[in-house]
Structure formats: C-alpha cells, structure tokens
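Have a look at the structure below before the remarks.
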There are 2 protein chains.
Amino acid sequence: MIRRIPQARERGIPDATVARLPLYLRALNGLAERGTATVSSEDLALAAGVNSAKLRKDLSHLGSYGTRGVGYDVQYLIYQISRELGLTQDWAVAIVGVGNLGRALANYGGFVSRGFRVAGLLDADPAVVGDHIAGLTVEHSDGLEAVIRKRGVSIVVIATPATAAQQVCDRVIAAGVTSILNFAPVVLTVPDGVDVRKVDLSIELQILAFHEQRKVSGGPMMAEDWAGEAG
Amino acid sequence: MIRRIPQARERGIPDATVARLPLYLRALNGLAERGTATVSSEDLALAAGVNSAKLRKDLSHLGSYGTRGVGYDVQYLIYQISRELGLTQDWAVAIVGVGNLGRALANYGGFVSRGFRVAGLLDADPAVVGDHIAGLTVEHSDGLEAVIRKRGVSIVVIATPATAAQQVCDRVIAAGVTSILNFAPVVLTVPDGVDVRKVDLSIELQILAFHEQRKVSGGPMMAEDWAGEAG
DNA sequence: GTGCCTTTGTGAAGCCATGCACAAAGTCGA
DNA sequence: TCGACTTTGTGCATGGCTTCACAAAGGCAC
C-alpha cells in the first residue's frame, strides 16, 4: 500500500541503485569543485562510501559512460546522473507545516542546489501565516490546492504534526500530486500510483540505540531475563 | 568503512528487522493509546504498513511473544520491543550544530518520548552560544569533549555544515562516542566499531524526483538521447 | 604500430530478505 | 472434556542485491 514503486524496474534500474545515485552525485560534485577531471571507480567508490564493484554495476545500469584504462569523466557523469534522476529540470516543491522542521527544510540549501525550488510554504496556524522564511511568505493551508495548481507543484513535503498528516496527504493527492515526502511519524495511506517516501528522525536514533546497547552490555545474559516475566 | 554493523546478527536479528522494529513500536503505541489490549499480526501489519508474514517473522526473531488464536498483547509487546531496542534505558544525546535543523531536532518530541534525552546543544558560532532552546542553553563546541564525558553522552547527532562534520566526528570518537547520527551531507570516515547512520534530506527528494520523472515523461525516448553527445 | 598496463563492464556465485502456505498451538463455546 | 476455529511461527521457494573475479577494451609509451 505504501512504497509500491514498480516503475523503477521498467527500464531495469533497481531501486537500490536509484537510492545510491544521489550519493554518487554528491561525491562527484565534491570532486568537480576540487577540479578533478576524471575519476576511477575505485576512487569514486571511496568518496561515496561504497564498494567499487557495486558502483560500477550501478553505473552500468545507466549506460557505458566510463573509459577503460582511464575512468569516468567527472562532468559528464554528473550530467548523466543528474539527467537520470530528473534533476536537470526544475521541480516545484511545497512544504506543508512550517514548524521547526519545516523552517529547517525551507532554509536547507541542498534543495535549491539540486534542481528543487520551494514554491510554497503553508501552515494551518494563523500565528505562523505571514512569516517570511527563506524569501517566501507563509500562506494559510486553506489555499493548498490553489498553490499546487497555480505554481505547478509536483512534490509535496509534509512536515506537519502526525495528526494532520493524513488529511494533508489526502488533499494534495486530490489536487493531483503523486510524490510525497513525509516527515510526520505516521504511516500514510495512499492509492496506487502515489509515491510516498518517509523520513523518521527518531527511527534512526532507535536503530543506533539498538547497536549501542549491544556494545555496552556485552551480549550474553540479555536474551533470558524475560523468561517468566509475563509469558 | 562505514556501516559495518556485524553486531546485529550476533544473536540473529537481521538489520532489516531491526530497522522495522521502531515502526512496529510506533503502531503499537497508537493502538495502546486507543485502549486496544491485543492485536493480531494482520491488524498490526496494516497499522505499520508492512506484510503480515514479514511482521510475524520479524517478531519471531525476538521470541514467541504471541498467543495463537488470539494475537499479541499490546503492552507486553511494547515492552519487549522497547527492551530489545534498548529504549528502556535513558540515552543521553548531544546535538552538535544548532542551525535550523539542530533546533528542530532539539524541539522534536519524538526523541524524549522514546528514551532519548537531549543532554547538550553545542555550536561553534558565538552568536548562537547562550541561546535557550528546548530548556537547554547552547554551549560552545570547544567544550564538546567535556560535555560528552561529564554527562555520559553515548550518542551524538551531527547537524553542522558539511565542512565541519568530519572534524566534529573525529572529536566525538576520540571522546569515546561510538554511535553517530549524521545529518551533514558528507560521507564520514570512522574507524571500525563506530556506528554511523545518516539522514540526507535531499537524497529522499532526489529519489522522488526520479520516480516522478518516470511518471510524466512516459518512459521511451529517454535512453537514447545521450548517444553521440560526448561518448 | 605494437605491446603493456590500467580500468571498466559483467557473468556467476552466494547471501539475504520476502512472502506463501501450512502445521502446530492455543482459545472459546457447548 | 471436546471439537471447531483462529492465529501464530516457520520451512521453503523465489527473487533481488552484493561481491568476486576476469575477460574485454582502451590509452600510452616507445
């Protein structure tokens, strides 16, 4: 019901590969800034923090953009990955929910530099409406549908409280949006064809806590102390 | 070099399962708030947005906590998952970098409610030091090591600009921290035994853009237009 | 031109995760 | 106490992802 993305494999690019392309892109941009003209899969893999064989296989899904014996042309590869990810076009993004997180996102430079343009900031709280953030004026979320339609918004970021998220989600889908990035800690229910990705800050922290617990407590003597407690 | 977490499988809990446990926990808390006493794997899976067979297999890695013919006791399962994730203890977290994102994280309720306590806010910018956020006073990052040691910080959140992240990372590791949550858009290099998880807001957006592009542009006539361009 | 050297692109193998389908196990009503 | 019903826990098969290892391919020196 969520995360049904069979489109990714239509031309044979695995989801796992797509998820890493932004990583490569970032590493390549870093190399380009330092004036590097070409890079080997080994070096690029190191910069991106992945295995070099995996990198080569990932890139091979896009085409044969490398030169044997030399490596990859940095600028050319940047262009190819950008185009594959659809970053050569301009995406209008609306952010719904202008709390702390929404503000952080509106000011986040990583969006603008990657072809994303914040085209609207919306909130249901009258106390927030009218605020000026990152060059935009916060509008009331009553006008959500109008903003989406008039400004060609195709991606919506939900940064509302959990209770409001599903309602906002339903409205933006009704307005024609099919790509949603959800920061609210709820499972959104969406129809087929709508793509939802979620970021939950506390989940990552909980995963860290799991591993941290394993480290400090050694390992044994932990699986047994539940016995006889309630079961 | 990054993400080497073999500990997860030491007692046989797959990483994929660990990553979903917080999801189940959240769904269970929702059920508990509504007064539900027991829940079947089918219903819980629905609430968590996963397949019910997967849910059962995941839970089976923790033990046999269900009752056949009935389901799972909500409160008991909450306790077991919490304990498995290490959330029954109190984790002191320090947030380094108090920009927009750092502020958002400091105010994020999802941390406190899950056994995480923000024990320190640090920033290198004198203009920010002294600010009061979420009941804490921002301290200068010169005192990073002291804060970590004195307050028993075991998890550090890096929300600094990309350029400062690796330096902060090195310092907290030197101070004994082995769990890091990184929001800066860089690949952190860490020694073995240190666990880094990263959240990159723009990566998720780029993945969305990829799928969105596929939807609108149809599909054909996109793989060929690079030919003869530079290769 | 020729041969060596570097690096890509990919076949193949192994591993992990997913999901089906069902036996085992426990509840509940009579 | 018994039988029918519900739901868990899991063996198994399938598919995708990762990694190794190497042949193919191209540059570069001479």
Side-chain angles (χ1 to χ4, degrees), chain A residues 1-21 23-24 28 36-74 76-77 80-81 230-231, chain B residues 1-21 23-24 28 31 36-74 76-77 80-81 207 230-231:
Chain A
M1 29 291 299
I2 259 178
R3 288 264 208 123
R4 195 87 334 234
I5 317 176
Q7 294 102 329
R9 232 164 268 88
E10 271 180 18
R11 210 180 77 216
I13 300 188
D15 286 351
T17 294
V18 173
R20 280 187 295 265
L21 290 181
L23 219 60
Y24 304 152
L28 284 165
T36 309
T38 61
V39 66
S40 69
S41 65
E42 197 70 43
D43 291 348
L44 182 53
L46 192 70
V50 302
N51 182 294
S52 71
K54 178 153 50 177
L55 171 73
R56 286 198 299 276
K57 184 148 285 186
D58 282 344
L59 294 183
S60 77
H61 285 117
L62 312 188
S64 283
Y65 296 150
T67 305
R68 298 176 190 227
V70 175
Y72 300 89
D73 182 281
V74 173
Y76 185 53
L77 197 52
Q80 290 300 343
I81 295 180
Chain B
M1 34 286 304
I2 259 178
R3 290 264 207 120
R4 195 89 332 235
I5 316 175
Q7 293 101 332
R9 235 165 265 89
E10 271 180 17
R11 211 181 76 216
I13 300 188
D15 286 351
T17 293
V18 173
R20 279 188 294 266
L21 289 181
L23 220 61
Y24 304 152
L28 284 165
L31 290 168
T36 309
T38 62
V39 66
S40 69
S41 64
E42 197 70 43
D43 291 348
L44 182 54
L46 193 70
V50 301
N51 180 294
S52 72
K54 180 154 47 177
L55 172 76
R56 287 197 300 276
K57 185 150 287 188
D58 282 343
L59 293 183
S60 76
H61 285 118
L62 312 188
S64 283
Y65 295 147
T67 306
R68 296 175 192 231
V70 177
Y72 300 90
D73 183 281
V74 172
Y76 185 54
L77 196 52
Q80 291 299 342
I81 294 180
I207 297 172

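Proteins come first, then strands; the chains are lettered A, B, ... in the order of their sequence lines, and each starts at number 1.
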Specify the separation, in whole Å, of atom [atom1] of [X] and atom [atom2] of [N].
| X | N | atom1 | atom2 | answer |
| --- | --- | --- | --- | --- |
| B:Glu42 | C:dA21 | CD | C1' | 14 Å |
| A:His61 | D:dG16 | NE2 | P | 11 Å |
| A:Arg20 | D:dG16 | CZ | C1' | 12 Å |
| B:Asp43 | D:dT8 | CG | C1' | 14 Å |
| B:Asp73 | C:dG26 | CG | C1' | 15 Å |
| B:Leu55 | D:dT7 | CG | P | 14 Å |
| A:Lys54 | C:dC15 | NZ | P | 16 Å |
| B:Asp15 | C:dC15 | CG | P | 16 Å |

Test side-chain contact (heavy atoms from CB on, under 4.5 Å) applied to A:Ala19 - qualifying residues, sequence neighbours left out: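 So A:Ala19 forms a side-chain contact (heavy atoms from CB on, under 4.5 Å) with B:Ile207.
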
side-chain contact (heavy atoms from CB on, under 4.5 Å) partners for A:Ala47, two or more places apart: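 By the side-chain contact (heavy atoms from CB on, under 4.5 Å) rule, A:Ala47 matches A:Ala27.
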
Given DNA chain C, 5'-ward residue of the pair B:Asp58 and A:Ser41, judged by closest heavy atom: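 Whichever sits nearer the 5' end wins; that is A:Ser41.
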
Protein proximity profile, nucleotides 20-30 of chain D - base contact B, sugar-phosphate-only contact S, no contact -, cut-off 4.0 Å on heavy atoms: BB--BBSS---

D:dG9 phosphate, OP1 or OP2, under 4.0 Å from B:Tyr72 side-chain N/O: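 Answer is yes, contact under 4.0 Å.
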
Pairs touching residues 42-54 of chain A that satisfy salt bridge (Lys or Arg N to Asp or Glu O under 4.0 Å), sequence neighbours left out: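 Output for this query is empty, none listed.
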
For A:Arg20, all residues meeting salt bridge (charged side-chain N to carboxylate O under 4.0 Å, His left out), sequence neighbours excluded: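 By the salt bridge (charged side-chain N to carboxylate O under 4.0 Å, His left out) rule, A:Arg20 matches A:Asp58.
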
A:Val74 versus A:Leu28, closest heavy-atom pair with distance: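 The pair with the smallest heavy-atom distance is CG1-O, 3.7 Å.
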
Bend angle of the helix from C:dG1-D:dC30 to C:dA30-D:dT1, from helix axes over five pairs at each end, nearest 10°: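 It works out to 20° between the end axes.
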
Gap separating the [atom1] atom of [X] from the [atom2] atom of [Y], nearest 0.5 angstrom:
| X | Y | atom1 | atom2 | answer |
| --- | --- | --- | --- | --- |
| B:Leu59 | B:Tyr72 | CG | OH | 4.5 Å |
| B:Thr38 | B:Leu44 | OG1 | CG | 11.5 Å |
| B:Ile81 | B:Leu77 | CD1 | CG | 4.0 Å |

side-chain hydrogen bond (donor to acceptor under 3.5 Å, both in side chains) against B:Ser41, all qualifying residues, sequence neighbours excluded: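 Partners of B:Ser41 under the side-chain hydrogen bond (donor to acceptor under 3.5 Å, both in side chains) test: B:Arg56.
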
